[in-house]
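These notes are about the structure you will find just below.
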Number of protein chains: 2
Amino acid sequence: MQTGPSRRARMRAALEREARDEARRLTAAHGVEGLSLSAVARAVGVSPPALYRYFDGKKGLVLAVYEDLTDEFVSTVSAAARREDPEDLGAQLYAATRAVLDWSLGHPAEFDLLMGAGYARLATESAVDQVLARELGGLFGDLFTRLWQRGGLDHPADDEIDPALRDQLLTYRRLIGQEFPVGVVLLMVTCWRQIYGLLCMSVHHHLAAAFGDCVPLFEHMIDDLLALLGVERSPAQRTGAAVER
Amino acid sequence: MQTGPSRRARMRAALEREARDEARRLTAAHGVEGLSLSAVARAVGVSPPALYRYFDGKKGLVLAVYEDLTDEFVSTVSAAARREDPEDLGAQLYAATRAVLDWSLGHPAEFDLLMGAGYARLATESAVDQVLARELGGLFGDLFTRLWQRGGLDHPADDEIDPALRDQLLTYRRLIGQEFPVGVVLLMVTCWRQIYGLLCMSVHHHLAAAFGDCVPLFEHMIDDLLALLGVERSPAQRTGAAVER
DNA sequence: TCGCATGGTTAATGGTATTAACGAAGTGAT
DNA sequence: ATCACTTCGTTAATACCATTAACCATGCGA
């Protein structure tokens, strides 16, 4: 008979899992600032100080939620891309971008922690590694790599780019582990600033008085971006509805 | 001798002003969530419950800060635009956009409350009117109006725009009180999603590992946008340094 | 079986928001 | 000038919250 992890280790793992899940639930329900150590303790049937054996106080708890969210977000987005035809890069770009939007709209409090103001706060008090930037950048980076390899991607030449910017782009390219020219990195960042802008607008209900449903804006943006990348958008994608979860 | 406002009224106004300023200071120093009623009370030399005579609890205090910030932000940006040559629309667009960036980078906590996650939270618990959207939209809208009147602005025709989107754009146009065609509204929103995206990235230190100084990205974006609008960028602007305050 | 690391407890400290009950003092009318 | 009323402050109490300290039971390895 395998001994496996000890009773203690199993108990510990189970309680930690439970606490993380409850913390996530509270975050979703009441925002990052509505997350309280005490409430989590209450929910998992333990006294507040007990959680200090599991997390480094409240900031540790928030960090744990952040980690879980990172995993969930990255796998959601990459799953959405993998669901498409491997040859249809346009469809994959659409699906990935759309998944980012859908997840964020469906989980605004979590979005805040993952990619909004919550992240900035978190990053100052806990040493959080750039896993999201790497993973998400890598995911989109792979798509851009294939676009570039396929040819026909119209990107600026190295010497057309301001040297200061070029250095930064090179750093970023290294971060996401890609090999394409800086001009392609620039193209990627150009896309991302638009996606991220619309994302923040949507999630924060900016201009909500006019743009309650932000899908029309999103569709228009995707058209712009795919055109910029010289990718044909197959008609089938235009009917794509939001993918929940 | 004029009686003017009574002693009571003067005292009240003075204390409220003091409290608002202190609240603003605390927000800047410790973020929106670091703003506490008690701390403000302590700073203005009064007991915490006293502030309930002035503000509707904490959410009222936050709302007051929001109002003050709105004024400051709008006047900062419009002042920056007015400082430029009235005939040089490109310079005005640059200056206004740059002022938005500079103010936001210099006041990250305030930015969060004004245009980030803090706003979303605030808007749910307090009835906040859309003054910022109107004012800022109006400011940029005026520039776009003049661009359009001058001619040469390449915008999509009405019937090239998806009907659902067109309706939203019309609503937005009414909100900002402009008269130009929907295609121009769309152009404006296209610019704004880029500005706002870069803004959020910069303020939240997204991708900070590569883009610590975000001005190169900003300069590249402005080039893109001015090209999109068919505006020549005068060489003088390229040397423009950040304007503090 | 013993000793210790682990993981829980309660108690205490100090911070927060908010409401209630109360009192001093400014204000305006008689 | 005095009176009543409103305004604006107070203190006290309640109920959260995070965090640390002191303590105790128990699982686990030697």
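So that the names make sense, note that chain A is the first sequence line, chain B the second, and so on, each numbered from 1.
- For the pair B/Tyr52 and C/dA17, the criterion of a side-chain N or O lying under 4.0 Å from OP1 or OP2 is not met.
- Among the heavy atoms of the strands lying under 4.0 Å from A/Ser36 are primed sugar atoms or P, OP1, OP2 only; no base atom is included.
- Whole-Å rounding puts the B/Lys58 NZ to C/dT16 P distance at 10 Å.
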Any protein N or O atoms within reach of nucleotides 23-27 of chain D? Criterion: under 3.5 Å, listing atom names and distances.
{"residue": "D/dT26", "atom": "O2", "partner": "A/Arg8", "partner atom": "NH2", "Å": "3.0"}

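- With salt bridges taken as basic N to acidic carboxylate O contacts below 4.0 Å, none links A/Arg121 and B/Asp112.
- The two residues B/Val65 and B/Leu113 have their closest heavy-atom pair at CG1-CD2, 3.8 Å.
- Side chains of A/Gln194 and B/Arg193: a donor on one and an acceptor on the other come within 3.5 Å.
- Straight-line distance from the CG atom of B/Leu26 to the P atom of C/dT16: 10 Å, rounded to whole Å.
- Between A/Tyr94 and A/Phe218, the ring-plane angle classifies as perpendicular under the 30° and 60° cut-offs.
- Checking side-chain atoms of B/Tyr196 against main-chain N and O of B/Met115 turns up a donor-acceptor pair under 3.5 Å.
- As a whole-Å value, the separation of A/Leu35 CG from D/dA18 P is 8 Å.
- Across all strands, B/Ser38 comes closer than 4.0 Å only to sugar-phosphate atoms, never to a base (heavy-atom distances).
- Across all strands, B/Leu61 comes closer than 4.0 Å to no nucleic acid atom at all (heavy-atom distances).
- Atom CZ in B/Arg42 sits about 7 Å away from atom P in C/dG15, given to the nearest Å.
- Dashed line: the shortest gap from a side-chain N or O of B/Arg12 to OP1 or OP2 of D/dT7 is not under 4.0 Å.
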| request: Might you work through the side-chain hydrogen bond (donor to acceptor under 3.5 Å, both in side chains) test for A/Glu110 and A/Trp103, ending with a clear yes or no? | output: CA-CA 9 Å; A/Glu110 292 97 319; A/Trp103 189 90; over 6 Å; no
